Number of protein chains: 2
Amino acid sequence: MKKNTKCPLRKSLRRILLYRGSLLRLQALGVNRFYSYTLGKETGVSAEQVRKDFSEYRIKGNQRGGYHVDQLISEMEHIFYKKGSQNIIVVGRGNIGSSLANYSNFIQRQINIVATFDIDPSKQRIRSEIPVYTMERLKEIIDRFAVRTAIVAVPEPAAQSVCDQLVEYGVGGIINFAPVILKVPDEVIINNINLSDEIESVIYCVSQACPEES
Amino acid sequence: MKKNTKCPLRKSLRRILLYRGSLLRLQALGVNRFYSYTLGKETGVSAEQVRKDFSEYRIKGNQRGGYHVDQLISEMEHIFYKKGSQNIIVVGRGNIGSSLANYSNFIQRQINIVATFDIDPSKQRIRSEIPVYTMERLKEIIDRFAVRTAIVAVPEPAAQSVCDQLVEYGVGGIINFAPVILKVPDEVIINNINLSDEIESVIYCVSQACPEES
DNA sequence: TAGTTATTGTTATATATTTCACAATATTTT
DNA sequence: AAAATATTGTGAAATATATAACAATAACTA
């Protein structure tokens, strides 16, 4: 394990998640054994990197025999879901919020959206499996479902204020889709996802004909 | 400039985009001068890093006087839009595709979605500024609008095949929202965005109480 | 069962990225 | 106009990340 002062993981964590996705697909395909280079090719990562990452997370294979898909997946579950499936909420039931509420891939990953919120009361009439509440019930729902992670998908002007409320009510991790860099206390984990930036970086690289990491 | 073998930029490019977003906001607020630490605080980046990044992109400030907001923005436009605004397309007019089609922030960034595509002909009845075509017209539109960058927002099983078509028709950069790692020739730029992974990495860090880079 | 082989796990090396430190300098002050 | 000051720009050091190299070894072969 590196002496990374901030955190014992980063890029490697992202890749572990990547590997898991790939392994779930391989599992669905009925594959039951794989090698570092198999997974590497599948995920676009070098075989050495795969082994290095596994080593960091204390994932052991079998010399000459590779790794077992099922076993690896359950080891990864163990790494990620010590505490069972996670209840999360989405604030903002606009386009992005609704996309997320309808996103079918979360179930497989044990990501459980328990509620969404919107200031606009008319949004509550949305027909969906996942309820839409007004902001008044934010604290209540966070408490009831022990929500520790939330997604911010409100328009830019409202984002910081929503974020502040979430932090106040005890949320420790935020994924933010509003095009602002949200300010949070040091102990709160924040993942700012800026769709324009994601697209623009590709546009730029295309115009320069230079590769971009995924 | 670093001797990065792959590409003369990466993290720094992302941050330049980040800075630009911040500066656009400062500009709207009427601010006209800033310092490396101002922008650093705004974006959550160290002041040294800001200066280092500027230096890499040959952006000059004024010793003791800092930088001019307007001037910097136009310098950045110059870096990113040598070739004017970019025409892009979105394949898949489901939830995510529609979110993107309605996303208002692209205009400001000169990202111009000229068309969206979907196999389902009923999707063409969607009322929106941006037209919805069936896949048959993909090549025609790519050619007509000189599209070099595309967004893939189709369900997982269709993603690779859509990607292959795009590459065949000359698209050089792809932003992929399907939860698969798309395989593309080396010269094609790909940015795989996996929403589950983005969320899970935060969930994991929260459960470990360790910080995560944005 | 001994020899061969393919693959892991890890140590060493190379590269990329960030932080630190400070000289250079434009602006402000007296 | 000289001195003081705040800020940039960058080279050097520290850290993080990726690649390469190979010894250890489980599985296979004869």
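Everything quoted here is computed from the prediction, not taken from an experiment. Lettering of chains follows the sequences in order, A, B, ..., and the numbering in each one begins at 1.
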A.B. asks: How many whole angstroms separate atom CD of B:Gln49 from atom C1' of D:dA16?
C.D. replies: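 For the pair B:Gln49 CD and D:dA16 C1', the rounded distance is 13 Å.
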
A.B. asks: Provide, to the nearest angstrom, the distance between the CG atom belonging to A:Leu13 and the P atom belonging to D:dA16.
C.D. replies: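 So the CG-P distance, A:Leu13 to D:dA16, works out to 16 Å.
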
A.B. asks: Under the salt bridge (charged side-chain N to carboxylate O under 4.0 Å, His left out) definition, can you give me all pairs with a residue in residues 101-118 of chain A, not counting sequence neighbours?
C.D. replies: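 Those involving residues 101-118 of chain A are A:Arg109-B:Asp197, A:Arg109-B:Glu200, A:Asp118-A:Lys123.
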
A.B. asks: To the nearest angstrom, how far is A:Asp53 atom CG from C:dT10 atom P?
C.D. replies: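 Going from A:Asp53 (CG) to C:dT10 (P), I get 14 Å.
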
A.B. asks: Is the phosphate of C:dA16, meaning OP1 or OP2, less than 4.0 Å from a side-chain N or O of B:Arg10?
C.D. replies: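 So the side chain of B:Arg10 is outside the cut-off, no N or O lying under 4.0 Å from OP1 or OP2 of C:dA16.
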
A.B. asks: Do any side-chain atoms of residues 157-168 of chain B form donor-acceptor pairs under 3.5 angstrom with protein atoms, and if so which ones, sequence neighbours left out?
C.D. replies:
unit_1: B:Gln160; atom_1: OE1; unit_2: B:Lys183; atom_2: N; d: 2.9
unit_1: B:Gln160; atom_1: NE2; unit_2: B:Asp164; atom_2: OD1; d: 2.8
unit_1: B:Gln160; atom_1: NE2; unit_2: B:Lys183; atom_2: O; d: 3.0

A.B. asks: Base, sugar-phosphate, or nothing: which does B:Arg15 touch, judged by heavy atoms less than 4.0 Å apart?
C.D. replies: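 It contacts sugar-phosphate atoms only.
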
A.B. asks: Would you list the pairs meeting ring-ring contact (aromatic ring centres under 6.0 Å, His included) in which at least one residue belongs to residues 88-113 of chain B, sequence neighbours left out?
C.D. replies: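 Residue pairs with at least one partner in residues 88-113 of chain B: B:Tyr103-B:Phe106.
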
A.B. asks: Taking only residues two or more places apart in sequence, or in another chain, which ones meet B:Arg144 in a salt bridge (Lys or Arg N to Asp or Glu O under 4.0 Å)?
C.D. replies: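 For B:Arg144, the residues satisfying salt bridge (Lys or Arg N to Asp or Glu O under 4.0 Å) (neighbours in sequence not counted) are B:Glu140.
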
A.B. asks: Without decimals, in angstroms, what is the distance between B:Lys11 NZ and C:dA16 P?
C.D. replies: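 In whole Å, C:dA16 P lies 14 Å from B:Lys11 NZ.
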
A.B. asks: One thing to verify: whether B:Arg20 and B:Glu77 come together as a salt bridge, which I'm taking to mean a side-chain N less than 4.0 angstrom from a carboxylate O.
C.D. replies: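 Answer for the salt bridge query: yes.
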
A.B. asks: May I have the distance from A:Arg33 (atom CZ) to C:dT8 (atom P), rounded to whole angstrom?
C.D. replies: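 Whole-Å distance recorded here is 11 Å.
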
A.B. asks: How does protein reach along nucleotides 4-14 of chain D, written 5' to 3' as B (base within reach of a heavy atom under 4.0 Å), S (only sugar-phosphate), or - (no contact)?
C.D. replies: -BBBBBBBB--

A.B. asks: Using the test salt bridge (Lys or Arg N to Asp or Glu O under 4.0 Å), find all partners of B:Asp70 that sit at least two apart in sequence or belong to another chain.
C.D. replies: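 Residues passing salt bridge (Lys or Arg N to Asp or Glu O under 4.0 Å) with B:Asp70: none at all.
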
